[in-house]
Protein chains: 2
Amino acid sequence: MRYSRQRESILSILQATESHPTADWVYDKVRREISNISLGTVYRNLAQLEEMGQIRRINADGQSRFDANLSPHDHFRCLTCSSIFDIHMSHDDMTAGLPADVPFKVTGINLELLGVCNECQIKEIKGENSHVA
Amino acid sequence: MRYSRQRESILSILQATESHPTADWVYDKVRREISNISLGTVYRNLAQLEEMGQIRRINADGQSRFDANLSPHDHFRCLTCSSIFDIHMSHDDMTAGLPADVPFKVTGINLELLGVCNECQIKEIKGENSHVA
DNA sequence: ATCATAAACAGTAATAGTTACCATTAAGTT
DNA sequence: AACTTAATGGTAACTATTACTGTTTATGAT
Ligand SMILES: [Mn+2]
Ligand SMILES: [Mn+2]
Ligand SMILES: [Zn+2]
Ligand SMILES: [Zn+2]
């Protein structure tokens, strides 16, 4: 991976914000530093940074949001304004006595485990064997 | 809400599957019963059914997936094939000794609380007051 | 049963977020 | 400095979804 001013700028913008911005928001922000940067460059670099594990992608309603905060934490998403806030709470506390001191009106929980399903693990193994031979 | 053959068909198709289909998949399926149904009708009804609380929407990568199983449960999403599977497990068990007997290779957890943020609650109140008078 | 009303529809055009393409630029190497 | 090729800027294309519009149809009233 070759250095680029564009990628560095995108990452530092993400690291400097507490919000969980969209690609468009990052684009507007980075344009102040690199006025002729392309929106495609923003998308490409966000995808690369995600791939490299330097940022997280959160897919809310219709669009992706990005988070450079790598410490394990969860999120609250407002169904009205789509804002995303960090939740720093143990999962035990979260599931036990949910709201209490939280300033949000919580009406639902989405818990999603990510990984590779059984079938895909088998395919992976087969695929690797086939080009080892 | 007025009855329609289209909505009934869409709902029963969703209720009959264990998978978590996309709008397109539902469209293909419902076309076998109502050959000239419009894709827009499928989208409109899925949104209405969600609004009425008869189905859940899951937003994965680029597109929405739908679930007519209303019993509280969580999901596993395969990062390779995008399949979504139900997870029936207490959140305590999930966060405590995660995998064990699960046939998935779990590499990440996305926990999202949904609701209304503080700011939006305040706006809601102001909004309601303004048209009460 | 006939009629009136508007909700819901089919078909299509438009939009939004994102990705693909390609000629040009520039990071890193010799 | 010359060379190689990853990365870019600009633009076109694509995909999921929504909006529009004229027509159909569920439903309640005559
Ligand atoms: Mn965060
Ligand atoms: Mn489910
Ligand atoms: Zn809000
Ligand atoms: Zn899979």
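Numbers restart at 1 for each chain; the letters A, B, ... are given by sequence-line order, proteins then strands.
When rounded to the nearest whole Å, the span between CZ of Arg57(A) and P of dT18(C) equals 7 Å. Between the CG atom of Asp61(A) and the P atom of dT15(C) there is a distance of 21 Å, rounded to whole Å. In this structure, Met1(B) atom CE and dT25(D) atom P are separated by 19 Å, rounded to whole Å. Rounded to an integer number of Å, the gap from CD1 of Ile34(B) to P of dA8(C) is 15 Å. Asn59(B) has its CG atom 13 Å from the C1' atom of dT17(D), to the nearest Å. Here the P atom of nucleotide dT25(C) and the CZ atom of Arg5(A) are 15 Å apart, to the nearest Å. The separation between Asp28(A) atom CG and dG17(C) atom P is 12 Å, rounded to whole Å. Between the P atom of dG9(D) and the CG atom of Asn36(A) lies a distance of 6 Å, rounded to the nearest Å.
If you chain together hydrophobic residues whose side chains sit under 4.5 Å apart, Leu11(B) and Leu39(B) fall into the same group.
Counting distance only, with no hydrogens placed and no angle test, the side-chain atoms of Arg2(A) and the base atoms of dT5(D) include a donor-acceptor pair under 3.5 Å.
Nearest nucleotide to the side chain of Arg44(A), out of dA7(D), dT18(C), dG11(C): dA7(D). Residue Thr41(B) places its side chain closer to dC9(C) than to any other of dC9(C), dA7(D), dG10(D). Set against dT18(C), dG11(C), dA26(D), the side chain of Tyr3(B) has dA26(D) as its closest nucleotide. Among dT18(C), dT8(D), dC9(C), the nucleotide with an atom closest to any side-chain atom of Tyr43(A) is dT18(C). Set against dG17(C), dG9(D), dA8(C), the side chain of Gln63(A) has dG17(C) as its closest nucleotide.
Axis angle across the helix from dA1(C)-dT30(D) to dT30(C)-dA1(D), with five pairs used at each end and values rounded to 10°: 30°.
The residue among Ser38(B) and Asp24(B) whose nearest nucleotide of DNA chain D lies closer to the 5′ end is Asp24(B). Position along DNA chain D of the nearest nucleotide to Gly40(B) versus Gln48(A) favours Gln48(A) as the more 5'-ward residue.
Listed for the His20(A) side chain is a donor-acceptor partner under 3.5 Å among the backbone atoms of Ile84(A). No donor-acceptor pair closer than 3.5 Å links the side chain of Ser9(A) to the backbone N or O of Gln6(A).
Using a 4.0 Å heavy-atom criterion, one finds that Ser64(B) contacts the sugar-phosphate atoms exclusively. Using a 4.0 Å heavy-atom cutoff across all strands shown, Leu39(A) reaches at least one base atom of the nucleic acid.
Counting only N and O atoms by type, the side chains of Thr22(A) and Asp24(A) include no donor and acceptor under 3.5 Å apart.
Between Ala23(B) and Phe66(B), the shortest heavy-atom contact is N-CE1, 4.1 Å. When every heavy atom of Cys117(B) is checked against every heavy atom of Phe85(A), the shortest pair comes out as CB-CE1, 3.6 Å.
When side chains are defined from C-beta on, Asn110(A) does not count as touching Asp74(B), because their heavy atoms never get closer than 4.5 Å.
Using a cutoff of 4.0 Å between basic side-chain nitrogens and carboxylate oxygens, Asp67(A) and Arg57(A) are not scored as salt-bridged.
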